[in-house]
Amino acid sequence: LYREYQTAGDKVKAQSELLAAEELFRRTLALNPEVVESYLNLIMMHLNTGDDQKIREVIALMDERGVNFRIQSYLSRLSNLARANNRVFWIGYFNEEIVKLNPGDAQAWINVALSYATAGNRAKALELAEKIKEFGGDYVVQAELFITNVNQGVYEKQ
């Protein structure tokens, strides 16, 4: 309903639905604080609404409670939703977590590099491009093209 009201331009009803949904998610967490999916649903809601602070709070709460969401399948889902919502910081964050779990995941490295390039951090993007070259093969060619584009500021214009 939040999205429907948001699309219709009714910000008051959208905000009301958002608060109601958040309350329901929080009740779910209170009932069973070990269920990772409940936290993920809350993060997904905040990714959809663009509330970075609340995403940080949910991640901190999971860390405090020892709820492990740092599993490739969860991180991939969150990364995909971040991408769908054009949430560049979170694309980078979730893919950096994937890289920690699986340093051989070339796509995660590429996603992190793209997030830095899009955010305008050319130095970090170029550093990661060099790392991507280490995968060899087509990754070398792709990384070289990426380096050219980063130096031209192509990703910053998006």
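Note that the numbering runs from 1 along the sequence shown for the chain.
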*Minimum heavy-atom separation for Asn95 to Ala108, with atom names?*
OD1-CA, 3.5 Å
*Not counting sequence neighbours, list each pair that qualifies as a ring pair (Phe, Tyr, Trp, His ring centres under 6.0 Å) and has a residue in residues 37-75.*
none
_Ser79 side chain vs Ser76 backbone, donor-acceptor pair below 3.5 Å_ = no
_Non-neighbouring partners of Arg56 that pass side-chain hydrogen bond (donor to acceptor under 3.5 Å, both in side chains), sequence neighbours left out_ = none
*Applying the 4.5 Å side-chain criterion to the ILVMFWY set and letting contacts propagate, would Leu61 and Ile43 be lumped into a single cluster?*
yes
*With rounding to the nearest 0.5 Å, note down the distance linking CD in Gln142 to CD1 in Ile147.*
12.0 Å
*Are any side-chain N or O atoms of Thr7 and backbone N or O atoms of Arg3, one a donor and one an acceptor, separated by less than 3.5 Å?*
yes
*asked:* As an exercise, state the distance from OH of Tyr5 to NZ of Lys11, rounded to the nearest 0.5 Å.
replied: 15.0 Å
_Shortest non-hydrogen contact from Ala117 toward Val150_ = CB-CG2, 3.9 Å
*If you measure only the distance, is there a donor-acceptor pair under 3.5 Å linking the side chains of Arg77 and Asn80?*
no
*asked:* If hydrophobic clusters are built from ILVMFWY residues whose side chains come within less than 4.5 Å, do Phe25 and Leu19 share one?
replied: no
*Is Lys133 salt-bridged to Glu130, going by a charged N under 4.0 Å from an acidic O?*
yes
_Minimum heavy-atom separation for Asp105 and Phe135, please, with both atom names._
C-CZ, 4.4 Å
*Lys124 and Glu127: salt bridge (Lys or Arg N to Asp or Glu O under 4.0 Å), yes or no, with the steps?*
CA-CA 5 Å; Lys124 187 67 175 178; Glu127 174 188 327; 3.4 Å; yes
*What is the minimum heavy-atom distance between Ala125 and Phe146, and which atoms define it?*
O-CE2, 3.6 Å
_I'd like to know whether CG of Asn32 has more than 12 heavy-atom contacts from other residues, nucleotides or ligands below 6.0 angstrom._
yes
_Give me the atom names and distance for the closest heavy-atom approach of Ala14 to Gln6._
CB-OE1, 3.3 Å
_Co-membership, hydrophobic cluster, residues Val99 and Phe94, 4.5 Å side-chain_ = no
_Sub-4.5 Å side-chain heavy-atom contact between Leu114 and Ile91_ = no
*Find the distance between CZ (Arg87) and OG1 (Thr49) and round it off to the nearest 0.5 Å.*
8.0 Å
*Is Arg65 reaching over with its side chain to a backbone N or O of Glu34, donor-acceptor style, under 3.5 angstrom?*
no
*Would you check if Leu145 and Val141 make a side-chain contact, meaning some heavy-atom pair closer than 4.5 Å?*
no
_Gap between atom CZ of Arg27 and atom OG of Ser38 - 0.5 Å precision_ = 13.5 Å
*Does the pair Glu97/Lys100 count as a salt bridge with the N-to-O cut at 4.0 Å?*
yes
_Flag side-chain contact, heavy atom, 4.5 Å: Leu126 against Asn151_ = yes
*Does a side-chain heavy-atom distance below 4.5 Å link Leu42 with Arg26?*
yes
*Test side-chain contact (heavy atoms from CB on, under 4.5 Å) applied to Ile55 and Asp51, step by step*: CA-CA 7 Å; Ile55 296 169; Asp51 196 331; 5.8 Å; no
_Greater than 12 external heavy atoms within 6.0 Å of Glu4's CD_ = no
*Would you check, one step at a time, whether the test side chain to side chain donor-acceptor pair (under 3.5 Å) holds for Asn41 with Glu37?*
CA-CA 6 Å; Asn41 287 333; Glu37 288 291 334; 5.1 Å; no
*Would you please classify the geometry between the Tyr93 ring and the Phe89 ring as parallel, tilted or perpendicular, with 30° and 60° separating the classes?*
parallel
*According to a 4.5 Å side-chain heavy-atom criterion applied to Ile, Leu, Val, Met, Phe, Trp and Tyr, with indirect links allowed, do Val58 and Met45 form part of one hydrophobic cluster?*
yes
*At their closest point, which heavy atom of Met44 faces which heavy atom of Leu78, and how far apart are they?*
CG-CD2, 4.0 Å
*Counting distance only, does the side-chain N/O of Trp109 pair as donor-acceptor with the main-chain N or O of Gly104 below 3.5 Å?*
no
*Please check if Ile71 and Val35 belong to a single hydrophobic cluster, counting links between Ile, Leu, Val, Met, Phe, Trp and Tyr side chain heavy atoms closer than 4.5 Å.*
no
_salt bridge (Lys or Arg N to Asp or Glu O under 4.0 Å) between Glu57 and Lys54, worked out_ = CA-CA 5 Å; Glu57 290 169 7; Lys54 288 191 177 181; over 6 Å; no
*For the side-chain contact (heavy atoms from CB on, under 4.5 Å) test, which of Leu128, Ile98, Ile132 pairs with Val112?*
Leu128
*Output, in order, the C-alpha distance, side-chain angles, deciding distance and verdict of side-chain contact (heavy atoms from CB on, under 4.5 Å) for Leu75 and Gln72.*
CA-CA 5 Å; Leu75 294 167; Gln72 183 134 0; 5.8 Å; no
_Just checking Lys13: does its NZ atom have more than 12 heavy atoms from other residues, nucleotides or ligands closer to it than 6.0 angstrom?_
no
